[in-house]
> 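My questions all concern the structure below.
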Amino acid sequence: MDILETFKSAGVIPVIVIEDEAKAVPLAKALVKGGLPVLEVTFRTKAAAQAIAKISAEVPEAIVGAGTLLSVEQVKAAKAAGAKFGVAPGFDPIIVNAAKEEGLPFCPGIATASELSQALSAGAKMVKFFPAQAAGGVNMIKNFLGAFRFTGVKFMPTGGVNLSNINDYFSVPEIICCGGTWIVPKDALDSEDWDKITTLASEAAEIVKART
Ligand code: 3PG
């Protein structure tokens with residue numbers, strides 16, 4: 001799988017924090033229905049691996065990956081569960097290597113020029129810019145591009161991105177997608193309000209369409 005093309009075609013990647021794996025399949029279906037098939041299930045909860053396994057097995061239209069990969073064990077668990085890609089909030093060569101060994105397409109996180117430089121040296125073609133809003137927002141990426149554009153690097157800002165600022169990010173061609181939790185709010189997940197999640201996904205998908 002070409003992680004770059006997959007992320008670019010999705011435009012918005014829902015960042016999922018799920019406590020109960022029984023909700024994984026209806027959640028994935030609600031997101032796919034709204035037009036967002038590329039999903040990042042974060043390893044911030046014990047349910048992450050099971051949620052990925054269930055989505056992989058039961059929602060073939062979804063392309064599910066693993067987020068917040070902070071250990072080699074999590075990388076292995078993600079791959080074993082069927083994750084198609086991995087994402088991390090920071091740049092850690094140990095995690096990058098583990099993903100390489102597992103054959104898991106991987107997007108490391110960066111927030112500084114030094115981390116971006118290291119991620120490129122490690123072979124990354126795209127990076128997660130995290131935490132995007134707190135670390136300088138779209139202007140920070142524009143400034144990175146002043147020095148790094150010739151490398152061809154692409155960005156996925158995440159952290160504080162939502163409908164109020166997503167178009168600022170989409171004004172930069174090197175920003176191929178944005179990630180965020182706003183599409184899967186905790187209250188909607190807790191109350192199993194799948195219609196609300198589909199609506200939020202549709203709103204985001206409309207913005208992606210308007211961009212292209
Ligand atoms: C992430 O890890 O990508 C962030 O937690 C998402 O940030 P958000 O909750 O501000 O969207």
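Excluded from the calculations below are hydrogen atoms, water molecules and symmetry mates; all remaining heavy atoms, backbone and side chain alike, are included. In what follows, residues are counted from 1 in the order of the sequence shown.
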> Minimum heavy-atom separation for Lys54 and Glu21, please, with both atom names.
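Heavy atoms of Lys54 and Glu21 come nearest at CD-O, 3.4 Å.
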> What is the distance from atom NZ of Lys142 to atom CZ of Arg149, rounded to the nearest 0.5 Å?
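Rounded to the nearest 0.5 Å, the NZ-CZ separation comes out at 10.5 Å.
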> Would a 4.5 Å heavy-atom cut-off, applied to side chains only, mark Val184 and Val15 as touching?
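They are not in contact (no side-chain heavy atoms under 4.5 Å apart), so the answer is no.
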> Short question: side chain of Asp168, backbone of Gly137 - any donor-acceptor pair under 3.5 Å?
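The answer is no, because no donor-acceptor pair under 3.5 Å joins these two groups.
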> Take Phe7 and Asp2 through the test side chain to side chain contact (heavy atoms under 4.5 Å, CB included) and record every step on the way to the result.
CA-CA 9 Å; Phe7 280 30; Asp2 183 341; over 6 Å; no
> Without swapping roles, check the side chain of Gln50 against the backbone of Ala47 for a donor-acceptor pair under 3.5 Å.
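Checking the backbone N and O of Ala47 against the side chain of Gln50, no donor-acceptor pair under 3.5 Å is found.
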> What are the two closest non-hydrogen atoms of Ser9 and Thr6, and how far apart are they?
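So the two residues come closest at OG-O, 3.0 Å.
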> Show your working on side chain to side chain contact (heavy atoms under 4.5 Å, CB included) between Cys178 and Ile13 and close with a plain yes or no.
CA-CA 6 Å; Cys178 293; Ile13 317 292; over 6 Å; no
> How close do Met126 and Pro108 get, heavy atom to heavy atom, and via which atoms?
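Minimum heavy-atom separation between Met126 and Pro108: O-CD, 3.7 Å.
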> Going through the distances and angles, do Ser191 and Asp193 end up as a side-chain hydrogen bond (donor to acceptor under 3.5 Å, both in side chains)?
CA-CA 5 Å; Ser191 62; Asp193 190 346; 4.9 Å; no
> For the backbone of Asn139 and the side chain of Asn143, can you confirm whether one donor and one acceptor N or O come within less than 3.5 Å of each other?
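Such a contact is found between Asn143 side chain and Asn139 backbone.
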> For residues Pro185 and Thr181, determine if any side-chain heavy atom of one lies less than 4.5 Å from a side-chain heavy atom of the other.
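No, every pair of side-chain atoms sits at 4.5 Å or beyond.
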> Would you please test Val138 and Val172 for side chain to side chain contact (heavy atoms under 4.5 Å, CB included) and show each step?
CA-CA 8 Å; Val138 71; Val172 177; 3.7 Å; yes
> Same hydrophobic cluster for Ile207 and Val12, using side-chain heavy-atom links shorter than 4.5 Å among ILVMFWY?
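Yes; Val12 is reachable from Ile207 via cluster members.
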> Honestly curious: do Ile52 and Val17 fall in one hydrophobic cluster under the side-chain, below-4.5 Å linking rule?
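Looking at the clustering, Val17 is in a separate group from Ile52.
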> Determine, using the 4.5 Å side-chain heavy-atom cutoff (strictly less than), whether Leu69 and Ile16 are members of one ILVMFWY cluster.
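The answer is yes; both residues are in one hydrophobic cluster.
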> Are Leu189 and Val32 co-members of a hydrophobic cluster defined by side-chain heavy atoms under 4.5 Å apart?
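Linked, Val32 and Leu189 end up in one cluster.
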> Compare all side-chain heavy atoms of Asp187 with those of Lys196 and state whether any distance is below 4.5 angstrom.
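The answer is yes; the side chains approach within 4.5 Å.
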> Enter the distance from Arg44:CZ to Leu70:CG here, rounded to the nearest 0.5 Å.
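Going from the CZ atom of Arg44 to the CG atom of Leu70 covers 9.0 Å.
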> Are Thr198 and Leu31 side-chain neighbours, meaning at least one heavy-atom pair lies under 4.5 Å?
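No - every pair of side-chain heavy atoms lies 4.5 Å or more apart.
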> Would a distance-only check, ignoring hydrogens and angles, find a side-chain to backbone donor-acceptor pair under 3.5 Å from Thr45 to Ile18?
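Yes; at least one donor-acceptor contact below 3.5 Å.
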> Would you mind reporting whether Phe148 and Ser117 have side-chain heavy atoms less than 4.5 Å apart?
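They are in side-chain contact.
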> Mind checking the CZ-CD1 spacing from Phe130 to Ile110? Nearest 0.5 Å is all I need.
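Between atom CZ of Phe130 and atom CD1 of Ile110 there are 12.0 Å.
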> Quick one: pull up CZ in Arg211 and OG in Ser171 and give me the separation to the nearest 0.5 Å.
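Going from CZ on Arg211 over to OG on Ser171, the span is 8.5 Å.
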> Once you round to the nearest 0.5 Å, how far does SG of Cys177 lie from CZ of Phe170?
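Result: 7.5 Å between the selected atoms.
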> Does Lys84 use its side chain to pair, donor to acceptor, with the backbone of Val38 at less than 3.5 Å?
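Not at all, since once roles are kept as given, no pair shorter than 3.5 Å links the two residues.
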> Taking the side chain from Asn165 and the backbone from Asn162, do they hold a donor-acceptor pair closer than 3.5 Å?
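Yes.
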> Do you know which two heavy atoms are closest between Ala83 and Leu104, and how far apart they sit?
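Where Ala83 meets Leu104 most closely, the heavy atoms are O-CD1, 3.4 Å.
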> For a quick test of reading the model, state the closest non-hydrogen atom pair linking Val96 to Phe106 and the distance between them.
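Answer, listing the atom of Val96 first, then Phe106: CG2-CE2, 3.9 Å.
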> I'd like to know if the side chain of Thr42 reaches the main chain of Thr68, judged simply by a donor and an acceptor atom lying under 3.5 Å from each other, with no hydrogens or angles considered.
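Here the side-chain-to-backbone pair does not exist.
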> Any heavy-atom pair between the side chains of Pro37 and Ile63 that's under 4.5 Å?
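Side-chain contact under 4.5 Å: no.
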> For residues Tyr169 and Gln133, determine if any side-chain heavy atom of one lies less than 4.5 Å from a side-chain heavy atom of the other.
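A side-chain contact exists here, since the closest heavy-atom pair is under 4.5 Å.
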> Mind checking the CZ-CG spacing from Phe155 to Leu145? Nearest 0.5 Å is all I need.
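Taking CZ in Phe155 and CG in Leu145, the distance rounds to 5.0 Å.
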> Taking all non-hydrogen atoms of both residues, which atom of Gln118 and which atom of Phe91 are closest, and how far apart?
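Minimum heavy-atom contact is CB-CE2, 3.4 Å.
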> Take Leu4 and Lys154 through the side chain to side chain contact (heavy atoms under 4.5 Å, CB included) test and state the conclusion after the steps.
CA-CA 8 Å; Leu4 217 132; Lys154 303 291 186 273; 4.1 Å; yes
> According to a hydrophobic-cluster definition based on side-chain heavy atoms being under 4.5 Å apart (Ile, Leu, Val, Met, Phe, Trp, Tyr only), do Trp194 and Val41 belong together?
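Same cluster: Trp194 reaches Val41 through Ile, Leu, Val, Met, Phe, Trp or Tyr contacts under 4.5 Å.
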> Does this structure show an ion pair linking Glu102 with Lys76, if we count only N-O contacts that are shorter than 4.0 Å?
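So Glu102 does not pair with Lys76 through a salt bridge.
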> So do Trp182 and Val161 actually touch side chain to side chain, heavy atoms under 4.5 Å?
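Touching, per the 4.5 Å side-chain cut-off.
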